[in-house]
Amino acid sequence: MSITVDSELCSGCGACVASCPYGGIEVIDDKACITEDCNLCGACVEACTMDAIIWTKEEVGIEKVDLSQYKGVWVIAEHYKGNIHKVAYQLLGKGRELADTLHVSLTLVILGDAFDDQLEELSMYGADEIIYVKSKILKNYYSDLYTKTLTELITENKPEIVLIGATATGRDFAPRVAKRLNAGLTADCTGLEIDPKTNNLFQTRPTFGGNIMATIRTPNSRPQMATVRPGTFKKPEAKKRKVNIRQIDYDYSEKDSVTKIVKVINREKSKVNLEDAEIIVAGGRGVGKKENFKIIEELAEAIGAEIGGSRVTVELNWIPQDQQVGQTGKTVTPKLYIACGISGAIQHLVGMENSDIIVAINKDPSAPIFNVAHYGIVGDLHKVIPALIENIKKVKSAED
Amino acid sequence: MKIFTCIKQVPGVSEVKIDPKTNTLVRKGIPSITNPMDNNATELALSIKEKHGGEVIALSMGPPQAEEVLRQALAMGADEAYLLTDRAFAGADTLATSHTLGLAIKKILKDSGDEKKYLVICGTQAIDGDTAQVGPELAEELGLPQITYVQKCELKGDKIITERVFRSEETVIIESKLPALISVLKEVNDPRFPTMTGIVNAHEEMEVKYLNANDLKAGKENIGLTGSKTEVFKIFIPEKKGKHVVLEGSVEEMVQQLCNNLKEDKLL
Ligand SMILES: Cc1cc2nc3c(=O)[nH]c(=O)nc-3n(C[C@H](O)[C@H](O)[C@H](O)COP(=O)(O)OP(=O)(O)OC[C@H]3O[C@@H](n4cnc5c(N)ncnc54)[C@H](O)[C@@H]3O)c2cc1C
Ligand SMILES: Nc1ncnc2c1ncn2[C@@H]1O[C@H](COP(=O)(O)O)[C@@H](O)[C@H]1O
């Protein structure tokens, strides 16, 4: 297993150097050289236009899996307090698309208790089949019981693609299931597509803090598993469909789990629901102080928006934690995101850059937020926002 | 009791920048650092040791220069450090990484004859790959109960009691018998800074032990690139979507223009 450079063919153009995320290749004396840092990711092989980089993979007698045995797309639903997490609906939308491209069926898998009444409603989002594993104890989430049940179901039914929401729960059981199945798993994807040539699943995800995108595939094994970031895909329209429902009863008891849930502490549920908001007005350190957040509230009120903020504003206690947008906060995809006094650090951007329209108000013209903003206003927010509120009110009253 | 911490060397990611002219990564002078949450893992291991005794063993899989992050763990107070390094480990995805780390932990336990009660602590996720998969996959490799996204952890007898963050609305207290694996968030503690003596000791007195594929009796089909099921097909810089305009004029003019645009986009 190695990457080597054919120095006869290498033109020293440096395209490979630019493509390498690890600093594993350098041009020395007009020829590309592999360095100690090479991680054998193969990005340079792709990038080389001269076919000068050779990637040799040793065949070590790996047992070849018969890929054609695996058929169908599965979506695993997560739930909380009796409600299916919205990422499952989003995945059904995308899953339908993938299943149609592959001409296979789409299955929704639920592990839980008391979903009997919801199955009809759940049938309307694109699935051909629902597998409902019913067990009292599965009202709560148990890492090991999820793993055991899902591995058994997957081994028995052999789906080719398994999609899971990239929530704290999904990211807990998905790797464990993947490991038990000896399957590949791609984390926190933001793009899924079928390669028309091979029918492999192309799984695209941000890495290096969102600075680079990587497309991953799982060419020689099945199932192809991916966790998908909530908010990436849209929930499909509800439509009546004929759906085959399979209920499987398990009689797990608490003793069957190696871990024990001692207590569930509910934090205060917030009034705002950023993930579903159509318009968000968000404030950053540039707002200046807590009292100044009033002007953000006024703008939100005028335009009919929910309020969000950068991590700094949460740390300074200007807004509650569950209104934080970004890597360690919420991922939001509103139709309109107005960022006020936010610099646009990468950790903030990953949480909001998929918004349809982004407006940035910032007094520093070189603030990175302007790189993602569709409309940028360079100026002091304390002057711009009042003027904006005034104008919005005018537009709205003209409409009435 | 042995407490293992898994430490990854990563590029200091906040400094990975894109050259706007060539649209490529600027990597010059980016330092490699310890994955931040892995320092929290080491800190937790050390604080458990200080209260209950035991031995803190730091592990890292990576190229020879990853020795540096292990020296830092030793400087913080870890008792032993192992670097799993071999060309055959390169190109590993999380499946192959967790297998390799698992082999090393099994070997260390077996060689010491102290196999029963141990704890493995990982960071929840690394800032380069951001996968958060190695922890749970390592737990599966070792056949251990796992608790991820841990923001509080205490040892009581042969049990750990943890606080796991599920969602913004909910924290769950979960307990598990040892041996077990947990992966921690940065909220779990504030990592200590190594003392001067610690640093000198770690670099001059203590040893980072190297283990290669042979030492671990690793099968080629399960490690490195060959042991990986996922494959990087393409790496690219994300494109900007849509039009990007910086509005001009007086505040009044800019605001007017913005409102007109938003009206056109049917947002007002
Ligand atoms: C592991 C990790 C996770 C993180 N997760 C998140 C996350 O989830 N979400 C998040 O937001 N951050 C996150 N961060 C923090 C992030 O790196 C930034 O520190 C943070 O986003 C900056 O917030 P800010 O833009 O409000 O503040 P600053 O970066 O201080 O920017 C303030 C901006 O306001 C502008 N300004 C000042 N005064 C005015 C004025 N009067 N009018 C107009 N503009 C003005 C300034 O020009 C500046 O651009 C994370 C960091 C790390 C390391
Ligand atoms: N190469 C490695 N060597 C040691 N520990 C690792 C390695 N890769 C991942 N880990 C551990 O697994 C955690 C999660 O990493 P990841 O799955 O890459 O996000 C890290 O915080 C480390 O504790």
Side-chain angles (χ1 to χ4, degrees), chain A residues 1 18-19 21 23 36 39-43 46 60 62 143 168-169 171-172 175-176 179-180 183-188 207-209 211-219 221 258-267 269 322 335-336 357 370 374-377 379 383-384 387-388 391-392 395, chain B residues 13 16 18 24 27 63 90-91 95 127-133 136-137 140-141 145-149 165-176 220-221 224-226 229-238 242-247 251-252 254-256 258-259 261 263 265 267-268:
Chain A
M1 189 173 43
S19 75
E36 274 272 286
N39 193 29
L40 298 177
C41 77
E46 255 331 281
V60 283
I62 300 176
S143 198
T169 304
R171 294 179 81 171
D172 185 72
R176 188 104 198 197
K179 181 82 186 180
R180 198 167 292 180
L185 171 65
T186 308
D188 208 17
T207 57
F208 291 92
N211 286 305
I212 318 178
M213 303 299 288
T215 300
I216 312 280
R217 61 179 177 184
T218 315
S221 89
V258 288
T259 53
K260 188 170 152 213
I261 298 178
V262 181
K263 197 161 130 200
V264 176
I265 307 166
N266 286 314
R267 291 191 227 165
K269 178 124 179 71
D322 52 15
K335 295 202 170 104
L336 175 62
I357 295 286
F370 288 119
H374 300 88
Y375 305 116
I377 293 185
K383 298 207 178 78
V384 175
L388 184 56
N391 239 288
I392 291 169
V395 174
Chain B
V13 84
V16 176
I18 286 144
T24 55
R27 268 183 322 262
L95 211 58
I127 57 171
D128 56 349
D130 264 348
T131 82
Q133 289 177 185
E137 292 186 338
E140 175 67 18
E141 176 78 35
Q146 75 187 41
I147 307 171
T148 55
Y149 295 84
V165 184
F166 268 86
R167 329 176 158 70
S168 48
E169 303 87 13
E170 194 186 49
T171 308
V172 178
I173 300 185
I174 303 180
E175 67 176 43
S176 167
K220 278 224 152 148
E221 67 287 1
L225 191 62
T226 11
K229 301 290 180 198
T230 58
E231 183 178 294
V232 179
F233 173 68
K234 184 170 79 175
I235 283 179
F236 59 99
I237 314 273
K243 50 186 187 321
H244 296 265
V245 283
V246 174
L247 305 174
V251 166
E252 192 44 48
M254 289 192 289
V255 163
Q256 190 111 43
L258 176 62
C259 285
N261 284 327
K263 233 164 79 183
D265 295 333
L267 290 165
L268 269 187

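Reminder, nothing fancy here: chain letters follow the sequence lines and each chain counts from 1.
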*Of the backbone (N, CA, C, O) and the side chain (C-beta and beyond), which part of B:Leu268 lies under 4.5 Å from a heavy atom of chain A, both, or neither?*
both
*Flag the one option from B:Val245, B:Ile147, B:Val246 with the top tally of heavy-atom pairs under 4.5 Å to chain A.*
B:Val245
_Heavy-atom cut-off 4.5 Å, strictly under: side chain, backbone, both or neither for A:Thr186 against chain B?_
both
_Can you confirm whether A:Arg171 sits close enough to B:Tyr149 that some side-chain heavy atom of one is under 4.5 Å from a side-chain heavy atom of the other?_
yes
*Between A:Pro175, A:Gly184, A:Ala187, which has the largest tally of heavy atom pairs under 4.5 Å with chain B?*
A:Pro175
*Let me know if B:Asn261 has heavy atoms under 4.5 Å from chain A in its side chain, its backbone, both or neither.*
both
*What part of A:Ile357 is in contact with chain B, defined as an atom under 4.5 angstrom from a non-hydrogen atom: side chain, backbone, both or neither?*
side chain
*Would you say B:Lys263 and A:Val395 make side-chain contact, with heavy atoms under 4.5 Å?*
yes
*Salt bridge present between B:Glu141 and A:Lys179 (N-O < 4.0 angstrom)*: yes
*So do A:Asn391 and B:Glu252 actually touch side chain to side chain, heavy atoms under 4.5 Å?*
yes
*Determine the option with the most heavy-atom pairs under 4.5 angstrom with chain B, choosing from A:Val262, A:Val258, A:Ile261, A:Val384.*
A:Val262
*Examine whether an atom of A:Thr259 lies under 4.5 Å from a heavy atom of chain B, and if so say whether it belongs to the side chain, the backbone or both; otherwise answer neither.*
both
*So, the side chain of B:Glu137 versus the backbone of B:Leu95: is there a donor-acceptor pair under 3.5 Å, distance only?*
yes
_Does either side chain, that of B:Gln146 or that of A:Ser143, offer a donor lying less than 3.5 Å from an acceptor on the other one?_
yes
